[in-house]
Amino acid sequence: AMPPVSAVSVIFSPARGLVKREVDKSLPRLYNGGSNMRGKEEETMAKSLETLLGELKELEEKKQAYGQAMGVISYDALTGAPAGGADRRGKTMAVLSEVSYKLETGEETGALLHALKEQEDKLDFVARRQVSELLRSYEKTKKIPMEEYIAYTVLLNKADAVWHEAKEKSDWAMFEPCMREIVTFNRKYAAWMDPEKEPYNVLLDEFERGLTMRSEERFSRNAETDIV
């Protein structure tokens, strides 16, 4: 069950440094390639399929837990949190996003997913799909510098608070700087994912896998013809 908002606030906000230190102890090291990664992969490959699937379940549970914690904080911001608490929430989200990034891109995570990929012929459809999607997410997230990943999470938290105030005042100029920063990040994100592609095609693929500007334009023309 999801913990109440008050519990999340107590756990993750006031004790920022302590939580970060304690959580870091249980996290895999950042993936840097080289002999350490090869050794970790060899060690993981020697494990039984049952053990690997158990570790996969544990990984998913950790990812979901951090996602839920950040989700509760975001929901709190939209409901009962003080209007002036955005900066404090931003610092909390920075801690959680760093933990989430390290979990997502750690060498142990990579070794686990590659080991399961090697044995995908022994997995059922659901497990194969799960491994495929997690491996895709792992490889994409590794392309994003951790500092940028954290900064973007903090930016979105700030932008949400500014947007609500700007909407009430009908003041676009108040929100415009945040919007510019968001656009800038997404341009960088597109370049990290695939520098050879048009940036908008990269972003469209995030929204709907395989979608491109050309196919979207074709769809829009057909839809317009059918509707009009």
Side-chain angles (χ1 to χ4, degrees), residues 2 23-24 26-34 36-38 40-41 43-45 47 49 51-74 93-157 182 185-212:
M2 186 180 296
V23 169
D24 279 350
S26 66
L27 290 175
R29 294 184 299 277
L30 278 174
Y31 167 67
N32 293 312
N36 287 342
M37 182 61 180
R38 287 195 297 273
K40 184 62 66 177
E41 284 190 343
E43 177 184 327
T44 304
M45 291 291 185
K47 295 179 180 179
L49 182 58
T51 299
L52 293 174
L53 289 173
E55 292 181 0
L56 179 66
K57 181 180 180 182
E58 183 180 351
L59 171 65
E60 284 278 61
E61 288 174 349
K62 285 182 179 180
K63 284 165 60 70
Q64 290 172 9
Y66 292 122
Q68 285 181 341
M70 288 191 282
V72 169
I73 292 170
S74 297
M93 295 292 272
V95 173
L96 292 176
S97 62
E98 179 180 347
V99 170
S100 179
Y101 181 93
K102 289 180 178 180
L103 180 64
E104 180 90 11
T105 63
E107 63 180 41
E108 291 183 5
T109 296
L112 171 63
L113 295 175
H114 283 112
L116 285 165
K117 183 69 174 175
E118 288 291 320
Q119 301 190 56
E120 64 179 348
D121 58 320
K122 300 177 184 177
L123 304 175
D124 61 26
F125 174 79
V126 173
R128 283 200 306 273
R129 191 64 176 166
Q130 182 183 19
V131 170
S132 174
E133 290 301 302
L134 286 172
L135 190 55
R136 183 174 187 267
S137 176
Y138 164 78
E139 291 173 346
K140 290 174 66 175
T141 305
K142 280 202 309 177
K143 296 178 181 180
I144 308 171
M146 185 175 71
E147 294 77 11
E148 295 274 7
Y149 184 95
I150 296 169
Y152 188 59
T153 302
V154 174
L155 170 62
L156 292 181
N157 174 75
I182 291 171
F185 176 88
N186 278 275
R187 285 175 174 160
K188 290 191 291 186
Y189 176 85
W192 292 325
M193 293 303 110
D194 191 340
E196 302 300 319
K197 272 188 179 181
E198 287 285 340
Y200 199 61
N201 278 337
V202 174
L203 300 177
L204 281 173
D205 187 68
E206 291 289 320
F207 175 75
E208 180 68 35
R209 201 169 300 178
L211 186 64
T212 63

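The minimum heavy-atom distance linking Met93 with Ile73 is given by the pair SD-CG2, 4.0 Å. Of all non-hydrogen atoms in Ser97 and Ala94, the two that sit nearest each other are OG-O, 3.0 Å. The two residues Asp194 and Val202 come nearest to each other via the heavy atoms O-CG2, 4.1 Å. Scanning both residues, Glu104 and Tyr138, for their nearest heavy atoms gives O-CD1, 3.1 Å. Of all non-hydrogen atoms in Pro145 and Tyr101, the two that sit nearest each other are C-OH, 4.1 Å.
Looking at heavy atoms from C-beta onward, Leu116 lies out of side-chain contact with Leu135 at the 4.5 angstrom threshold. Counting heavy atoms from C-beta outward, Leu134 and Leu112 have side chains that stay 4.5 Å or more apart. Between Leu56 and Leu113 there is a side-chain heavy-atom pair separated by less than 4.5 Å. In this structure the side chain of Ile144 reaches within 4.5 angstrom of the side chain of Met193, judged on heavy atoms.
Within a 6.0 Å radius of CD in Glu206, other residues, nucleotides and ligands contribute more than 12 heavy atoms.
In this structure, CG on Asn186 lies 11.0 Å from OH on Tyr200, to the nearest 0.5 angstrom. Atom NE2 of His114 and atom CG of Leu52 lie 13.5 Å apart (nearest 0.5 Å). Atom-to-atom distance recorded for Leu49:CG and Lys122:NZ is 6.5 Å, nearest 0.5 angstrom. Taken to the nearest 0.5 Å, the OG1 atom of Thr51 stands 9.0 Å off from the CG atom of Leu53. Residue Ile150 holds its CD1 atom at 13.5 Å from CG of Leu155, rounded to the nearest 0.5 Å. Distance check: Lys102 NZ to Glu98 CD gives 4.0 Å after rounding to the nearest 0.5 Å.
In summary, Asp205 and Arg136 engage in a salt bridge, as defined by a charged side-chain N under 4.0 Å from a carboxylate O. Classification of Glu139 and Lys143 as a salt-bridged pair fails, no side-chain N sitting under 4.0 Å from a carboxylate O. Between Lys117 and Glu120 there is a salt bridge, since at least one side-chain N of the basic residue sits less than 4.0 Å from a carboxylate O of the acidic one. Ion pair Glu147/Lys188 not flagged as a salt bridge, since none of the NZ, NE, NH1 or NH2 atoms sits closer than 4.0 Å to an Asp/Glu carboxylate oxygen.
Ring orientation note: the planes of Tyr152 and Phe185 are close to parallel, at an angle under 30° on the 30°/60° scale.
Here the side chain of Ser132 pairs no donor or acceptor atom with the backbone of Arg128 at under 3.5 angstrom.
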